[in-house]
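Worksheet: one structure, shown below.
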Protein chains: 2
Amino acid sequence: MLSNTHFSMAIHVLVALAYNDGRVVSSDDLARTVGTNPSFLRGLIGELREAGLVETRLGKGGGALLARRPAKIRLDEVYRATEDRPAVTTHVCDGRSPCPVARNMEELLGGISARLEQVVVAELKKITLAGLLKKYIPRKK
Amino acid sequence: MLSNTHFSMAIHVLVALAYNDGRVVSSDDLARTVGTNPSFLRGLIGELREAGLVETRLGKGGGALLARRPAKIRLDEVYRATEDRPAVTTHVCDGRSPCPVARNMEELLGGISARLEQVVVAELKKITLAGLLKKYIPRKK
DNA sequence: TGAAATGTCACTAGTTTTGGGACAGTTGGC
DNA sequence: GCCAACTGTCCCAAAACTAGTGACATTTCA
């Protein structure tokens, strides 16, 4: 889980939007601060839009802005928006193996994965964009 | 975190060893049930040995066996033994950027990663090999 | 002494991830 | 109405990572 950089980039984008407090920010500007290219970011922003976390504006002067106040955006939503794989990546093993351990491994690992995902989501639910901003980002002058 | 299959394969190996209750099992036999090749598994078993979870025997009749009773092996140890990367894989962004969001992003993401790792380890600490066996693997006849 | 293992290294193949270009469509301002 | 500045989306190339596999010296048992 959280194995690719989508989650961390999404947080960067969202914090940057929160910092810019309602202003529309272009993918070009966001790409510059995140350290990637605008095209890639637009794809990521698309995921956030589908999840209802940001809105985007087409055309000249367009870009992205938060769909809600930073205090109302929690990281569990970001997690669900950006992460498609289960918490534990499992190897494939033969469910029809003569070995009873192999036969039940998928269910066993699935159980562990579900437990981990649950505690991770619960922890992320406690964290809001507003909280992150207050704790880590100095006020704009 | 838990992005490669080492963690899940390690659990498979350990459960298989617990199932075989003290007998020495060769990497060949383990590879068959796990669904990989012996050479790769020997590398993984090496990590478990370094972590003190299994012992291995060289030479003919050699292989691996648990270093302790299944009730004394908890999954947080397996996590630490197999996972080298932090919980949240973060993108690289310029800590000397003029953007105050970028400048503090590493610390921000590090904080989130640490919180997640902590709850994951805490949850894994509740799970023992013995518990997994009892819950998921039918008794040997 | 021979057979059967491990430990370890190196190489390969395949997959995934990221970088980046291109371009139609949309919008705002003059 | 036209131009400039964006997004959304597709595609392809490059890079990184993962797992698969073979080889072989070393160890151990019988």
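The structure presented is a predicted model; accordingly, all values stated were derived computationally and were not measured. So you know, we letter chains A, B, ... as the sequences are listed, proteins then strands, and number each from 1. Hydrogens, waters and symmetry mates play no part in the numbers below; they use all other heavy atoms, side chains included.
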- Query: How far apart are the C-alpha atoms of His12(B) and Thr33(B), what are their side-chain angles, what is the distance that settles it, and do they pass the side chain to side chain donor-acceptor pair (under 3.5 Å) test?
  - Reply: CA-CA 8 Å; His12(B) 194 147; Thr33(B) 175; 3.1 Å; yes

- Message: Checking side chain to side chain contact (heavy atoms under 4.5 Å, CB included) between Ser8(A) and each of Leu108(B), Leu109(B), Val92(B), which is the one that passes?
- Response: Leu109(B)

Whole Å only: how far is the [atom1] atom of [X] from the [atom2] atom of [N]?
X	N	atom1	atom2	value
Leu44(B)	dA19(D)	CG	P	10 Å
Asp29(A)	dC6(D)	CG	C1'	11 Å
Arg42(B)	dG7(C)	CZ	P	8 Å
Met9(A)	dT17(C)	CE	C1'	10 Å
Glu50(B)	dG7(C)	CD	P	10 Å
Glu47(B)	dT8(C)	CD	P	12 Å
Leu41(B)	dT21(D)	CG	P	12 Å
Asn37(B)	dA23(D)	CG	C1'	13 Å

- Supply the atom-to-atom distance Phe7(A) CZ to Thr90(B) OG1, rounded to the nearest 0.5 angstrom.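 So the CZ of Phe7(A) and the OG1 of Thr90(B) are separated by 11.5 Å.
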
- Query: Roughly how far apart are Ile11(B) CD1 and Thr5(B) OG1, rounded to 0.5 Å?
  - Reply: 11.5 Å

So, is [X] close to the [N] phosphate, meaning a side-chain N or O under 4.0 Å from OP1 or OP2?
X	N	answer
Thr56(B)	dG7(C)	yes
Ser27(B)	dT6(C)	yes
Arg57(B)	dG7(C)	no

- Message: Using heavy-atom distances to pick each residue's nearest nucleotide on DNA chain C, tell me which of Phe40(A) and Gly59(A) is more 5'.
- Response: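 The answer here is Phe40(A).
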
- Task: Could you check Lys60(A) against Arg49(A) and say which one's nearest nucleotide on DNA chain D is further toward the 5' end?
- Result: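 Whichever sits nearer the 5' end wins; that is Lys60(A).
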
- Message: Heavy-atom nearest nucleotide on DNA chain D for Leu58(A) versus Thr36(B): which residue maps closer to 5'?
- Response: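 The 5'-side residue here is Leu58(A).
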
Within the 4.0 Å heavy-atom criterion, would you say [X] contacts the bases, only the backbone, or no part of the nucleic acid?
X	result
Gly62(B)	sugar-phosphate
Ser39(A)	base
His91(B)	nothing

- Message: Could you check whether Phe40(B) and His6(B) have their ring centres less than 6.0 Å apart?
- Response: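 Centroid distance His6(B)-Phe40(B): below 6.0 Å, so yes.
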
